[in-house]
Structures are given as C-alpha cells and as structure tokens.
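Read through the structure below, which is laid out as structure tokens, and then see the notes.
Quick note: residue numbers are just sequence positions, from 1.
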Amino acid sequence: MADISKPEAVILTEIMLAVFRVNGRLLEKGDQLVEPLNLTSARWQVLGAVALAGKPLSAPQIAEAMGMTRQGAQKQLNVLEQFGFFERSSNPRHQRSPLYDLTELGNRTYARAMALEAVWANGLADGLRTQDLKQALNTLNTIYGRLDSPVPKKGSRS
C-alpha cells in the first residue's frame, strides 16, 4: 500500500471507502424501496434527473446530472420509455440525441417514489444533528468539486 503522509489524506481515504460502502447500500435499499413502483435505483435516478430539471433532457444531460455513464442512462431510458414513463422528442441542438420528458405516468411514479423516500429519509435522520449533516454535505460537495483535477499518472509522485 502506498504511503500517505498527511493525516487528512488518511481520513479522506477512509471517507472515500465509506462513500463506496454507503453508495452500495443506498442502491440496494433504494431498489427495495421503489420495487413496488416497477423501478430500480437506476431508473429512479433517471426519472429524478428530468423531474428535478423541470424540462426534457438528453441521455448525456441525464448522465451528467446523476453521475452515470451515458450508456447507463440510455439503457434505463429505453426501459422507462417502454414502460410509458418517458416520451421522446427531437432535439434541435443535436439530431442524434433526442430529448426525454416525463409522461403523466412518469410524473406520478416519481412523486410516489419521493413520498416513499421522504418517509425513509425521516427515519434515517432520527438522532442526527442538522449541523453535522450540513457539514457532511459541505465536505462531500467540496471533495466532489476537487475531483475535476487530473489523477496522477502511473509512476508519478505528488
């Protein structure tokens, strides 16, 4: 294992590992939460990207908004469109990248998923302090912003 000399870097590495574990559990529990709605966490994410944007989006826009690959977003869009959650329209900005908008069924399903999520989030938040949650969010957002910097090349040292 590489030597990490900064104590902050050791803690940051522990945070990264915790984020990986939390992400896995969130996806697992999210799948369970929205299964009655014929959704998975990935499908819920795609619905959410368009619902939160309040306008039709292309697959690349959905992928960027939700931290997914374009191919992953497109795969979910194809399924969701077959289920009647989305309708496709032409994109005046890009001929080969259509826009996807929620249908009435898609909007209703997303609202039901968010109602389930609200109950779940309220339970998870029990006993957690607002100040601690805000600090965690701020720290994660700061780390996220720093991830735009290039990763070290093989064999280089910082």
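Atoms CG and NZ, on Asp101 and Lys55 in that order, are 11.5 Å from each other to the nearest 0.5 Å. A distance of 12.5 Å separates CG in Leu37 from CZ in Phe83, rounded to the nearest 0.5 Å. To the nearest 0.5 angstrom, Thr40 atom OG1 is 9.0 Å from Leu27 atom CG. Atom CG of residue Asn107 and atom OH of residue Tyr110 lie 10.0 Å apart, to the nearest 0.5 angstrom. Atom-to-atom distance recorded for Gln76:CD and Trp44:CH2 is 14.0 Å, nearest 0.5 angstrom. Within the model, atoms CG of Leu137 and CG of Asn141 stand 4.5 Å from one another, a figure rounded to the nearest 0.5 Å.
Inspection of the Asn78 and Gln74 side chains reveals an N or O donor paired with an N or O acceptor under 3.5 Å.
Put simply, the side chain of Asn122 gets close to the backbone of Ala118: a donor and an acceptor are under 3.5 Å apart. A donor-acceptor distance shorter than 3.5 angstrom exists from the side chain of Asp31 to the backbone of Ser41, with no hydrogens or angles considered.
Under the 4.5 Å side-chain heavy-atom criterion for ILVMFWY residues, a single connected hydrophobic cluster contains both Leu57 and Leu105. Hydrophobic clustering (side-chain heavy atoms under 4.5 Å, transitive across Ile, Leu, Val, Met, Phe, Trp, Tyr) groups Met114 together with Leu124. No continuous path of ILVMFWY side-chain contacts below 4.5 Å connects Leu140 to Leu133, so the two sit in separate hydrophobic clusters. Clustering ILVMFWY residues whenever any of their side-chain heavy atoms sit less than 4.5 angstrom apart, transitively, puts Val19 in a cluster other than the one holding Met68.
In this structure the side chain of Leu80 reaches within 4.5 angstrom of the side chain of Leu39, judged on heavy atoms. Two residues are said to be in side-chain contact when any heavy atoms from C-beta on lie closer than 4.5 Å; Met16 and Ile143 fail this criterion. With a 4.5 Å cut-off on side-chain heavy atoms, Arg108 and Phe85 do not count as touching. When side chains are defined from C-beta on, Thr139 counts as touching Gln135, because their heavy atoms get closer than 4.5 Å. Taking the side chain as every heavy atom from C-beta outward, Leu99 and Ser58 approach each other to under 4.5 Å. With a 4.5 Å cut-off on side-chain heavy atoms, Lys75 and Thr69 do not count as touching.
Scanning all heavy atoms of the two residues, the minimum distance from Glu81 to Phe86 falls at CG-O, 3.7 Å. Between Ala49 and Ile62, the shortest heavy-atom contact is CB-CG2, 3.8 Å. Between Val34 and Ala113, the shortest heavy-atom contact is CG1-CB, 3.9 Å. Leu33 and Trp120 make their closest contact through CD2-CE3, 3.6 Å (heavy atoms, listed as atom of the first residue, atom of the second, distance). Across all non-hydrogen atoms, the minimal contact from Arg146 to Ser149 is O-OG, 2.9 Å. The minimum heavy-atom distance linking Glu87 with Thr103 is given by the pair N-CG2, 3.8 Å.
Shown here is Gln32, whose CD atom has more than 12 heavy atoms of other residues, nucleotides or ligands within 6.0 Å. Surrounding CD of Gln71 are more than 12 heavy atoms belonging to other residues, nucleotides or ligands, all under 6.0 Å away. Crowding of Glu28 atom CD: a count of heavy atoms from other residues, nucleotides or ligands under 6.0 Å exceeding 12.
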Please walk me through it: do Leu47 and Arg43 pass side chain to side chain contact (heavy atoms under 4.5 Å, CB included)? CA-CA 6 Å; Leu47 285 174; Arg43 292 175 192 161; 5.7 Å; no
